[in-house]
Asks: 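Got a structure here, written out as structure tokens. Questions coming.
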Amino acid sequence: MSSQVETFYEVMRRQGITRRSFLKYCSLTAAALGFGPAYANKIAHAMETKPRTPVIWLHGLECTCCSESFIRSAHPLAKDVVLSMISLDYDDTIMASAGHQAEAILEEIKEKYKGNYILAVEGNPPLNQDGMSCIIGGRPFSEQLKWMAEDAKAIISWGSCASWGCVQAAKPNPTQATPVHKFLGGGYDKPIIKVPGCPPIAEVMTGVITYMLTFDRIPELDRQGRPKMFYSQRIHDKCYRRPHFDAGQFVEEWDDEGARKGYCLYKVGCKGPTTYNACSTVRWNEGTSFPIQAGHGCIGCSEDGFWDKGSFYSRDTDMNAFGIEATADDIGKTAVGIVGAAAVAHAAMSAVKAAQKKGDK
Amino acid sequence: MSDTNLTGVEKVYVYEAPVRLWHWINMLAIIVLGVTGYFIGNPLPTMSGEASDHYLMGTIRFLHFSAAYIFAIGFAGRIYWAFFGNHHARELFYVPIWRASWWQGFIDELKWYLFLKSEPAKHEGHNPMAQLAMFFMFVLGSILMIFTGFALYGEGTGPGSWANSLFGWVIPVFGQSQDVHSWHRLGLWIITVFVIAHVYVAIREDIMSRQSMVSTMISGWRYFKDKR
């Protein structure tokens with residue numbers, strides 16, 4: 001790494017990207033982020049003049065699906081550019097260096113860009129057994145994460161693992177996998193941006209990171225720390241099958257007429273109405289499709305604790321009440337049954353007592 | 001206001017006009033909310049034909065939201081009346097567990113319902129057991145429903161809408177959207193259980209207790225059947 005800090009533009013040119021491609025990328029980015037055409041110039045200007053912000057990509061307890069999604073970003077141009085911005089620094093899945101050489105990069109970045117690098121975290125730290133369930137470069141991931149988080153400018157929690165805990169944190173969570181914001185605790189003073197999903201959509205990931213690098217600020221976040229531009233609406237709100245929901249046309253069983261006609265999947269447990277994500281607008285694999293379009297309900301993978309909010313095939317899900325698996329309807333119908341039967345029995349008993357009283361007189 | 005008319009029947013004015021009006025509007029709102037709510041969570045059999053020919057779920061949801069506004073505004077009005085109405089108007093909103101007399105009355109009423117007493121005590125307002133059920137099931141149940149309900153409503157109206165701004169914070173408190181849906185569904189059953197108990201007990205008291213019950217919520221007057 002040279003001592004002089006490069007701009008984004010210089011990095012891109014060094015990667016062999018032409019100016020024409022660079023300007024195209026700026027227009028695409030402006031459109032993807034929902035800005036007007038005028039912003040393309042602003043983005044180009046920012047990239048030409050601003051020193052590059054390094055991004056460190058750490059991997060904890062995870063399945064690498066976030067990385068897999070990320071490298072499939074729909075606009076290959078955007079992918080190349082973003083990769084050239086970040087991969088040079090540190091990402092143990094896709095970087096060229098390994099071993100001590102790789103770990104040395106972290107130290108160098110931490111020192112050279114103190115308080116000025118973005119820490120992207122995929123996966124989360126397990127805390128049981130002193131963090132031994134996830135070892136990176138000979139020490140627990142929890143230590144590496146805490147160490148790198150100290151001097152970061154901001155943290156991006158990639159995916160449901162880093163954001164909420166995901167499958168490894170599902171009950172009974174044997175390794176005590178803990179999402180990044182909970183691990184760092186309330187005392188951590190840098191912004192943490194959650195980009196949940198299992199995995200998150202590629203364009204959402206590149207969109208968030210490009211926004212941060214280009215505008216040098218974090219995107220506006222909602223109450224739960226997710227970027228509003230991608231997570232302010234539910235799948236249901238923009239679902240192309242929504243007219244069937246409003247009409248009352250549902251798939252009742254997987255092989256029925258409704259399923260063939262593409263009716264709403266609500267009755268077979270679609271979590272679209274309770275899931276905040278951009279799948280129904282951005283879609284997946286270059287905008288080809290998304291789960292509902294493929295005929296299966298949304299499983300709510302970008303929501304907190306979605307593995308424990310089963311079933312995937314019912315809207316009336318397990319409440320984990322009284323230590324048994326029961327849904328609101330199970331509990332409610334049982335209670336109504338008991339109270340109804342008690343009222344009838346009590347009425348009968350009252351009538352008998354009243355008759356006795358009358359007989360006594 | 002206590003009065004004795006020419007027939008010698010003792011009567012007390014308990015429920016003022018706004019309370020009575022609220023009670024029956026509220027009853028209608030709860031029926032609409034309960035039925036439409038059940039079918040929102042567990043929709044009717046699928047409709048056939050073109051989607052543009054139907055708007056069944058849309059209509060059901062519209063009825064639910066309209067009734068919810070009536071229910072919530074009515075509840076707010078009822079709280080207002082607790083401050084400005086007579087002392088019976090306040091009975092719904094607290095349970096005086098710090099009063100020995102309340103506990104005495106509660107045990108008395110419990111014995112009457114377990115057939116251990118041949119005659120109940122007379123009550124001008126709510127008996128202690130009724131008060132307990134009203135507070136824990138109806139008042140707290142209604143608050144649960146209003147808060148979770150408007151939080152869910154705010155999900156549809158979106159960020160920046162009044163419902164989302166005022167009640168959006170409820171969702172992370174319960175965990176996530178699906179949890180709020182489950183609790184709102186549980187609330188339906190809490191209110192249903194309350195309604196079953198309430199209607200049964202009101203009719204039974206009307207027949208077997210020493211005072212009028214059902215007609216009191218119509219006329220406002222409580223008539224006592226004896227002078228002991």
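Given the structure is predicted, the values throughout are model-derived calculations rather than measurements. Within every chain, numbering begins at 1; the chains are lettered A, B, ... in the order of the sequence lines, protein sequences first and strands thereafter.
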Asks: What closest approach, in Å, do H244(A) and A51(B) show between heavy atoms, and which atom pair accounts for it?
Replies: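 In terms of heavy atoms, the two residues are closest at ND1-CB, 3.7 Å.
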Asks: Hey, does R223(A) have a side-chain heavy atom less than 4.5 Å from the side chain of N164(B)?
Replies: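 Yes; the side chains approach each other to less than 4.5 Å.
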Asks: Please determine, among T275(A), V339(A), T327(A), the option with the most heavy-atom pairs under 4.5 Å with chain B.
Replies: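 The candidate making the most pairs under 4.5 Å is V339(A).
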Asks: E252(A) versus chain B, heavy atoms under 4.5 Å apart: side chain, backbone, both or neither?
Replies: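 Side chain only.
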Asks: Verify whether one side chain among Y276(A) and Q176(B) offers a donor that lies under 3.5 Å from an acceptor in the other.
Replies: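 No, because no side-chain N or O of Y276(A) sits under 3.5 Å from a partner of the opposite role on Q176(B).
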Asks: Closest approach of L186(B) and A328(A), non-hydrogen atoms and distance?
Replies: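 Scanning both residues, the minimum pair turns out to be N-CB, 3.8 Å.
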Asks: May I ask you to name which of S232(A), A343(A), P273(A), G300(A) has the most heavy-atom pairs under 4.5 Å with chain B?
Replies: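 Answer, by heavy-atom pair count under 4.5 Å with chain B: A343(A).
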Asks: Which bit of Y200(B) is near chain A, if near means a heavy-atom gap under 4.5 Å: side chain, backbone, both or neither?
Replies: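 Looking at Y200(B), just its side chain touches chain A.
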Asks: In Å, rounded to the nearest 0.5 Å, how long is the span from CG of D330(A) to CH2 of W189(B)?
Replies: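 Answer rounded to 0.5 Å: 10.5 Å.
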Asks: Can you check whether I40(B)'s main-chain N or O pairs, donor with acceptor, with Y266(A)'s side chain at less than 3.5 Å?
Replies: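 A pair under 3.5 Å: yes.
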Asks: How many angstroms lie between CD1 in I196(B) and CD1 in I338(A), if you round to the nearest 0.5 Å?
Replies: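 The CD1 atom of I338(A) is 11.5 Å from CD1 of I196(B), to the nearest 0.5 Å.
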Asks: Rounded to the nearest 0.5 Å, how far apart are OG1 of T59(B) and CG of D246(A)?
Replies: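 Nearest 0.5 Å value for the OG1-CG distance: 9.5 Å.
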Asks: Which one, R204(B), Q178(B), H54(B), M208(B), leads in non-hydrogen pairs under 4.5 Å with chain A?
Replies: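 Most heavy-atom pairs within the cutoff with chain A belong to Q178(B).
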Asks: Is it the backbone or the side chain of Q224(A) that comes under 4.5 Å from a heavy atom of chain B, or both, or neither?
Replies: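 Just the side chain, heavy atoms under 4.5 Å.
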Asks: Looking at K111(B), I'd like to know if its NZ atom is crowded, meaning that more than 12 non-hydrogen atoms belonging to other residues, nucleotides or ligands lie closer than 6.0 Å.
Replies: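 It does not: K111(B) NZ has 12 such atoms or fewer within range.
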Asks: Around atom OH of Y94(B), are there more than 12 heavy atoms of other residues, nucleotides or ligands at under 6.0 Å?
Replies: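 Counting neighbours around OH of Y94(B), more than 12 heavy atoms of other residues, nucleotides or ligands fall under 6.0 Å, so yes.
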Asks: Among P159(B), A197(B), S182(B), G58(B), which residue has the highest count of heavy-atom pairs closer than 4.5 Å to chain A?
Replies: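 Answer, by heavy-atom pair count under 4.5 Å with chain A: S182(B).
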Asks: Do other residues, nucleotides or ligands put more than 12 heavy atoms under 6.0 Å from the NZ atom of K182(A)?
Replies: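 At most 12 heavy atoms, drawn from other residues, nucleotides or ligands, come within 6.0 Å of this atom.
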Asks: Under 4.5 Å, counting heavy-atom pairs only, tell me which of H184(B), E50(B), M47(B) racks up the most with chain A.
Replies: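 Among the listed options, the one with the most contacts to chain A is M47(B).
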Asks: Where on R241(A) is there a heavy atom nearer than 4.5 Å to chain B: the side chain, the backbone, both, or neither?
Replies: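 When you check distances to chain B, no heavy atom of R241(A) falls under 4.5 Å.
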Asks: With rounding to the nearest 0.5 Å, note down the distance linking OG in S118(B) to CD in Q356(A).
Replies: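 Those atoms lie 12.0 Å apart.
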Asks: Would you please classify the geometry between the Y113(B) ring and the H346(A) ring as parallel, tilted or perpendicular, with 30° and 60° separating the classes?
Replies: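 Ring orientation of H346(A) relative to Y113(B): parallel.
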Asks: Checking K228(A) against chain B: side chain, backbone, both or neither under 4.5 Å from a heavy atom?
Replies: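 Neither part.
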Asks: With a 4.5 angstrom heavy-atom cut-off, could you sort out which part of D256(A) is near chain B: side chain, backbone, both or neither?
Replies: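 D256(A) has no heavy atom closer than 4.5 Å to chain B.
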Asks: May I ask you to check whether R234(A) and S177(B) show a side-chain donor-acceptor distance below 3.5 Å?
Replies: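 Distance-only check fails for R234(A) and S177(B).
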Asks: If you count heavy-atom pairs under 4.5 Å between each of G258(A), A342(A), A347(A), G340(A) and chain B, which one has the most?
Replies: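 If we count pairs closer than 4.5 Å to chain B, A347(A) comes out on top.
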Asks: Just wondering, do F250(A) and P45(B) contact through their side chains at under 4.5 Å, heavy atoms?
Replies: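 P45(B) vs F250(A): side chains apart.
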Asks: Looking only at heavy atoms and a cut-off of under 4.5 Å, which of S52(B), G158(B), G168(B), G175(B) has the most pairs with chain A?
Replies: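 Counting heavy-atom pairs under 4.5 Å, the top option is G168(B).
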Asks: Should the heavy atoms of other residues, nucleotides or ligands under 6.0 Å from OH of Y211(A) be counted, would the total exceed 12?
Replies: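 Enclosed: over 12 neighbouring heavy atoms sit under 6.0 Å from OH of Y211(A).
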Asks: Supply the atom-to-atom distance I171(B) CD1 to D304(A) CG, rounded to the nearest 0.5 angstrom.
Replies: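 It comes to 12.5 Å.
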Asks: Any idea which of V201(B), T192(B), L44(B) has the most non-hydrogen atom pairs under 4.5 angstrom with chain A?
Replies: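 Of the options given, most contacts go to L44(B).
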Asks: Got a second to check how far H181(B)'s NE2 is from M319(A)'s CE, nearest 0.5 Å?
Replies: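 Nearest 0.5 Å value for the NE2-CE distance: 12.5 Å.
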Asks: Are the side chains of D316(A) and N42(B) in touch, meaning some heavy atoms are under 4.5 Å apart?
Replies: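 Side-chain contact under 4.5 Å: no.
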